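Taking it in order: structure first as structure tokens, then the write-up.
Please read these numbers as outputs of a predicted model, since none were measured by experiment.
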Amino acid sequence: MKTPLDLVQAAKARITEVNIDAADQALRDADVLIDVREADEFAAGHIPGAVHFSRGMLEFKLAADPSLQRRDLQIVLYCKTSGRAALAAASLLDMGYVHVKSIAGGFDAWAAAGKPVNKPAAPAFG
């Protein structure tokens with residue numbers, strides 16, 4: 001029986017992961033940057049310019065949006081540490097998308113590298 005880690009390792013063997021040093025260029029080249037974490041994770045902070053499509057709804061969201069149906073789109077995905085994004089990237093390859101990348105280390109690596117993060121505004125008290 002396969003474990004979730006086995007599935008992630010198999011996905012990572014099939015996909016293109018970019019390290020944090022190459023992530024900036026991948027984002028500049030991307031047509032769309034997708035955060036596949038859960039809504040509360042996205043709301044707590046995300047990479048600027050990212051759209052939120054949780055892992056469980058990703059394929060359906062792409063299929064429902066005509067602007068995201070071109071199979072030659074440059075797509076970059078990320079999650080917290082890169083497991084969900086790897087699974088998502090493998091799924092998009094299965095759907096026929098040909099330019100899919102995942103950020104190695106995910107959002108945690110991005111934030112740890114001191115890269116920009118959109119965070120919710122602090123509540124105003126007064």
Side-chain angles (χ1 to χ4, degrees):
M1 178 167 38
K2 291 185 180 182
T3 67
L5 183 58
D6 293 333
L7 296 174
V8 169
Q9 288 176 335
K12 286 187 175 199
R14 297 180 48 212
I15 67 163
T16 300
E17 271 195 312
V18 294
N19 64 29
I20 289 302
D21 294 333
D24 290 320
Q25 185 62 49
L27 269 55
R28 283 191 292 276
D29 295 341
D31 294 309
V32 61
L33 170 63
I34 303 173
D35 183 325
V36 299
R37 299 176 300 158
E38 296 300 314
D40 60 328
E41 293 174 290
F42 182 82
H46 57 273
I47 297 174
V51 295
H52 175 251
F53 296 157
S54 66
R55 170 70 194 100
M57 294 300 296
L58 175 65
E59 297 85 351
F60 301 103
K61 294 278 190 178
L62 290 173
D65 187 335
S67 71
L68 299 174
Q69 293 175 6
R70 278 192 9 249
R71 296 312 197 246
D72 64 343
L73 286 173
Q74 298 282 339
I75 300 173
V76 176
L77 305 163
Y78 72 92
C79 63
K80 180 174 172 46
T81 60
S82 74
R84 288 175 284 179
L87 295 170
S91 182
L92 295 188
L93 291 175
D94 290 343
M95 289 179 71
Y97 289 92
V98 293
H99 302 293
V100 180
K101 295 178 182 170
S102 172
I103 298 176
F107 181 78
D108 285 358
W110 178 270
K115 297 197 177 278
V117 173
N118 281 358
K119 293 186 178 179
F125 295 102

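In plain terms, the two heavy atoms of Leu87 and Leu7 that are nearest each other are CD2-O, 3.7 Å. Contact between Arg70 and Tyr97 at its shortest, heavy atoms only, is O-CE2, 3.4 Å. Nearest heavy atom pair, residue Leu33 against residue Pro48, reads CD2-O, 3.9 Å. Across all non-hydrogen atoms, the minimal contact from Ser82 to Ile103 is CB-O, 3.6 Å. Summarising the geometry of His99 relative to Asp72, their closest heavy-atom pair is CD2-O, 3.3 Å, with the distance given to 0.1 Å. Nearest heavy atoms, Pro120 versus Ala44: CD-O, 3.4 Å.
For the pair Asp94/Glu59, no side-chain contact is recorded, criterion being any heavy-atom separation below 4.5 Å from C-beta on. Using a 4.5 Å heavy-atom cutoff, the side chains of Glu41 and Cys79 are not in contact. Here the side chains of Asp35 and Val51 are not in contact, with every heavy-atom distance at 4.5 Å or above. Leu77 is not listed as a side-chain neighbour of Ile15, based on a closest heavy-atom distance of 4.5 Å or more. Between Lys115 and Asp24 there is a side-chain heavy-atom pair separated by less than 4.5 Å.
Put simply, Val18 and Phe107 are part of the same group of oily side chains (I, L, V, M, F, W, Y) that touch within less than 4.5 Å, one to the next.
Using a distance-only test at 3.5 Å, with no hydrogens or angles considered, a donor-acceptor pair links the side chain of Tyr78 to the main chain of Ile47. Listed for the Trp110 side chain is a donor-acceptor partner under 3.5 Å among the backbone atoms of Pro116. Side-chain atoms of Asp31 come within 3.5 Å of backbone N or O of Gln74 as a donor-acceptor pair. Arg71 contributes a side-chain N or O that, together with a main-chain N or O of Met95, makes up a donor-acceptor pair within less than 3.5 Å.
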query = Going through the checks in order, is the side chain to side chain contact (heavy atoms under 4.5 Å, CB included) test met by Ile34 and Val76?
reply = CA-CA 6 Å; Ile34 303 173; Val76 176; over 6 Å; no
request  = Check step by step if side chain to side chain contact (heavy atoms under 4.5 Å, CB included) holds for Phe53 and Val32.
outcome  = CA-CA 11 Å; Phe53 296 157; Val32 61; 5.7 Å; no
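Remark: Glu38 engages no residue in a salt bridge (Lys or Arg N to Asp or Glu O under 4.0 Å) (not counting sequence neighbours). Under the rule for a side chain to side chain contact (heavy atoms under 4.5 Å, CB included), the partners of Ala104 that lie at least two apart in sequence or sit in another chain are Glu17. Judged as a side chain to side chain contact (heavy atoms under 4.5 Å, CB included), and not counting sequence neighbours, the contacts of Ala109 are Ile20.
Lys12 and Ser102 share no side-chain donor-acceptor pair at under 3.5 Å. Side-chain contact, Asp6 with Thr3: a donor N or O sits under 3.5 Å from an acceptor N or O.
To the nearest 0.5 angstrom, Arg84 atom CZ is 9.5 Å from Ser54 atom OG. With values rounded to the nearest 0.5 angstrom, Leu58 atom CG is found 9.5 Å from Leu68 atom CG.
Relative ring orientation between His52 and Phe42 is described as tilted, the plane-to-plane angle lying within the 30° to 60° band.
At most 12 heavy atoms of other shown residues, nucleotides or ligands fall within 6.0 angstrom of atom NZ in Lys80.
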